[in-house]
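In what follows, every chain begins at residue 1, and chains take the letters A, B, ... in the order their sequences are listed. Bear in mind that the values here come from a model prediction, so they are computed numbers and not experimental data.
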There are 2 protein chains.
Amino acid sequence: MPKTAITGLLLSFDLDRARSTPIYKQFLNQLRNTIETGLIEAGAKLPSTRVFSNELGVSRNTVVQAFDALTAEGLLASRVGAGTFVSYSSASVAAQTETRIKEPTNLSSKGYSFRSLSNRGRALVASVSDDFAEYPRTFMPDVPDLREFPIKSWLRLLAENSGRLTGEISAKTTSGGYEPLRRAVAQHLGASRGIRCDWSQVIVTTGTQQSLDLTCRLLLDAGDAVWLEEPGYIGARSVIKANSGVVCPVPVDDEGFGLESTVSSHPMPRFIFVSPARQYPLGMTLSRARREALLKFARSSGAWIVEDDYDNEFRYQGQIPPALYGQDRDSRTIHIGTFSKILLPSLRLGYIVVPPDLSVAFANARAVVDRHASLIEQMVLAEFMNKGLLASHIRRMRSLYRTRQLRLVAGLNELLGGTVKFVGEETGLHVSLRLHETADDVELAVEAARRGVVVRPLSLYYATRKRQQGLLLGFAAFNERETIAGLAALSGMRAALKNAYAPKRGE
Amino acid sequence: MPKTAITGLLLSFDLDRARSTPIYKQFLNQLRNTIETGLIEAGAKLPSTRVFSNELGVSRNTVVQAFDALTAEGLLASRVGAGTFVSYSSASVAAQTETRIKEPTNLSSKGYSFRSLSNRGRALVASVSDDFAEYPRTFMPDVPDLREFPIKSWLRLLAENSGRLTGEISAKTTSGGYEPLRRAVAQHLGASRGIRCDWSQVIVTTGTQQSLDLTCRLLLDAGDAVWLEEPGYIGARSVIKANSGVVCPVPVDDEGFGLESTVSSHPMPRFIFVSPARQYPLGMTLSRARREALLKFARSSGAWIVEDDYDNEFRYQGQIPPALYGQDRDSRTIHIGTFSKILLPSLRLGYIVVPPDLSVAFANARAVVDRHASLIEQMVLAEFMNKGLLASHIRRMRSLYRTRQLRLVAGLNELLGGTVKFVGEETGLHVSLRLHETADDVELAVEAARRGVVVRPLSLYYATRKRQQGLLLGFAAFNERETIAGLAALSGMRAALKNAYAPKRGE
């Protein structure tokens, strides 16, 4: 395996001190996966412990320990003076399968190894972290309060409409989704987001993840560039890499996505991924001038714009800015939305709104990947929306979350003994706290985790090494008792937090 | 656009006389889609009406009419003596979008046209037919009786377990699915299919479509060959083409997949797609000798086997043969199953069982494409299985469907005035009737459709032009009254059916 490929593998590691799994365990698991999935082939020489340590920012001792463990499992072998090698058809795998892989003749003409994925498949797997929705712990961002999901109304609507499952809903379903739901979404977006579209332009997906993956498959070929916000949504970066796209980070400032800074430094993009309503994770709104510049650039460059309309529903101050989609006179914007954060993440429903001339392509591609989303859930959601229950649920949550946000903000002000300057307080499910350049947000998060509280380091949302330090605290999912207990836990590390937060010279 | 690309486009048409939509309308819609999605670019010259007519087997009049209609819509333009051209930025599209596309400067370096899909995206879209589950009509194959879905038990289990939606189910969910469901599936397959596997090898998907798409993305690169049964599952061919794989049809005979006939004529496959328990659509079981040959070939060639275990649940005579997966000592088989045909097609749940060393790769890739299937439905299905309700539902349906099959078989015997020889009567949701070489199964299906009954032509399931004639009749979804009415409708075309069926000389 050539050296460049191995170096590429180092980029596929995703270690995160904020997770409950210790760094050593994360590194060990990811290295093991890399070998077991064939991303590093039998016989390949691993980079030295020093290289791993430098590139991944872990101690050499961590790397040495993991090497030892995998050697004991039979996945690695050391040769004195020569380094550490992958010994693939290991005893452990053989024991697991209880089969014996015989020596293959391998007639395959394209030179795949005996137990291998395709090149595309390797990219797909390499992009993934083991991050997964966990049971919400206090101050975890990006989660709504699951206990507030209107389960009774939902079950009632399901029972009332279950007669339709006998065939009627199939008859109203096309590749783009269940027609009554597509109509309800189009109407909802017209009323709330300034989007005028026909229902046929609404493609029902199983959520933002599928919307992004579908968009990448339709718009990207391997090696095509995508520009996206820095810091930005980690999930988007993963999907783009999974589809062999090239991620080009574009720094955001107080007005949002900083297009000008980028035009000369990155290859021309096939699409630009932005969150105009509320920049994720920082929370600012894309300014009017920047919106115009972005649309103009899309027109002149031929790039598509992919708009992630995440988190627009919960705005506590000022007006909700309309969706970029509605402002785009050239139909170069693809609009992505989700119901996960409004209702329930375990409900897999989201949507894409596409320009009219792309609607057949998106609907057909959507049918290839999994036919359609659960018709039962599409049917109930359509009823839920048509009866006005979604709008009233959003209103109720907005008021509840605003109360919770104020409580958290007051508590943090008290804790830090002053007027804390938050970023993106107007909207969303979390607040962000910027820290000193010299602070270590990961260290603070580890300390908070020890005290049973989640504060997420801002630096994790960066693709490059030029990272701002900060903390994200979610408030939406936690009631008064939980918030007070969470603040009490943080008060034990008040000095460290105050020190990290204290405004820089000149502010 | 080079001529070869246009010829390739002809292949993307999928016209089917058995559909309720007339051929003219199908051709018109597909040609319009092709233009609107940008598969044929503005300015490109279309092949002549003669070429369309010859290649697609439609009359020239049909082609001329469609050209006229699209010219009227502004999508096509004729130049006398020069032919017919695509005039892309048509009045109809502009009117739809209500925007005006300005002349682009097009800075894009890779030479995409202004409003285009990626090459991969074009393949994805081109593979799709507009086929979709319709409201079941009598004798439609591949549908269970939706009215028999145990909706009351389902709703009760959902209500009883809804408390878990508040976070508990997230905590038990990993990339491969909801753990209790993965365990239940592993146990079910152990008991019913002879598959010994750990629950971590079970990947929960949204059904066979997603299972196949995922398998293609992980195992295929563009241009890789896949061998599959001829006749065979049309959906599998579409997904393979959508992923830029090369479809290599392998004829089946009475023992199933005819491997020997193929080894020298096709490029070496990355995987082989087979339905060993019940060949789809013909219904024979893959013989013991053939199974051994297939496994041996996979071992020596390095090809993977993808086993579609469709329809195994409903076996009326003899024993259900165990899954090929359980016989494979070399762990080269990927096993695909679904709950759509047992419970409800609108319920999107299926699974893949993979060898241990592929489980991390499949689980991670699965998380990329859409995180996970609906947790609500996974939770209810796990409960449903653990309480033994799935097993008893299968037993009940098997007995009901057997009765319905006997009624249909008796009716057809009476209709055709003799002892009809069916294919694949032992199992499944449909019976197949082989016809004379000289019969026209499509014509018979059109005639039946006129009488309000669905009989599906066997010839549609072929990828090549060497097609057997036959008819598929589904019985599972239709009660006594419906079956009797359907047979009465067919009796009006008794002479044509008898004539097509009458056994050939020598039989």
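In terms of non-hydrogen atom pairs under 4.5 Å with chain A, the most contact-rich of B:Leu220, B:Leu212, B:Leu214, B:Val239 is B:Leu220. For the options A:Tyr178, A:Trp304, A:Trp154, heavy-atom pairs under 4.5 Å to chain B are most numerous at A:Trp304. Ranked by heavy-atom pairs under 4.5 Å with chain B, the first of A:Val369, A:Thr208, A:Leu347, A:Leu349 is A:Val369.
Looking at A:Leu165, the atoms closer than 4.5 Å to chain B (heavy atoms on both sides) sit in the backbone and in the side chain alike. Heavy atoms of A:Ala373 lying under 4.5 Å from chain B belong exclusively to its backbone. In this structure, chain B has a heavy atom under 4.5 Å from the side chain of A:Leu155, while its backbone stays farther away. Both the backbone and the side chain of B:Ile376 come within contact range of chain A, judged by heavy atoms closer than 4.5 Å. With a threshold of 4.5 angstrom between heavy atoms, B:Asn243 approaches chain A through its backbone and through its side chain. Using a 4.5 Å cut-off between heavy atoms, B:Cys216 contacts chain A through its backbone alone, with no side-chain atom that close. Looking at B:Leu219, the atoms closer than 4.5 Å to chain A (heavy atoms on both sides) sit in the backbone and in the side chain alike. Using a 4.5 Å cut-off between heavy atoms, B:Asp370 contacts chain A through both its backbone and its side chain.
B:Thr206 has its side chain out of reach of A:Gln210: every pair of non-hydrogen atoms, C-beta onward, lies at least 4.5 Å apart. Residues A:Pro345 and A:Leu146 have side chains in contact (heavy-atom distance under 4.5 Å, counting atoms from C-beta outward). Contact of the B:Gln378 side chain with the A:Ser346 side chain is not registered, since no non-hydrogen atoms from C-beta on lie closer than 4.5 Å.
Judged purely by distance below 3.5 Å, without hydrogens or angles, the side chains of B:Arg348 and B:Gln209 never pair a donor atom with an acceptor atom. Between the side chains of B:Ser200 and B:Ser359, no donor-acceptor pair is found at a separation under 3.5 Å.
A salt bridge links A:Asp213 and B:Arg217; the closest N-O separation between the charged side-chain nitrogens and carboxylate oxygens is under 4.0 Å.
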>> For a side chain to side chain contact (heavy atoms under 4.5 Å, CB included) check, start with the C-alpha distance between A:Tyr112 and B:Asp221, then their side-chain angles and the critical distance, and finish with the verdict.
In response: CA-CA 11 Å; A:Tyr112 290 104; B:Asp221 282 315; 2.8 Å; yes

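Seen from the ring of B:Phe114, A:Arg332 counts as a face-on cation partner, given the 6.0 Å and 45° thresholds.
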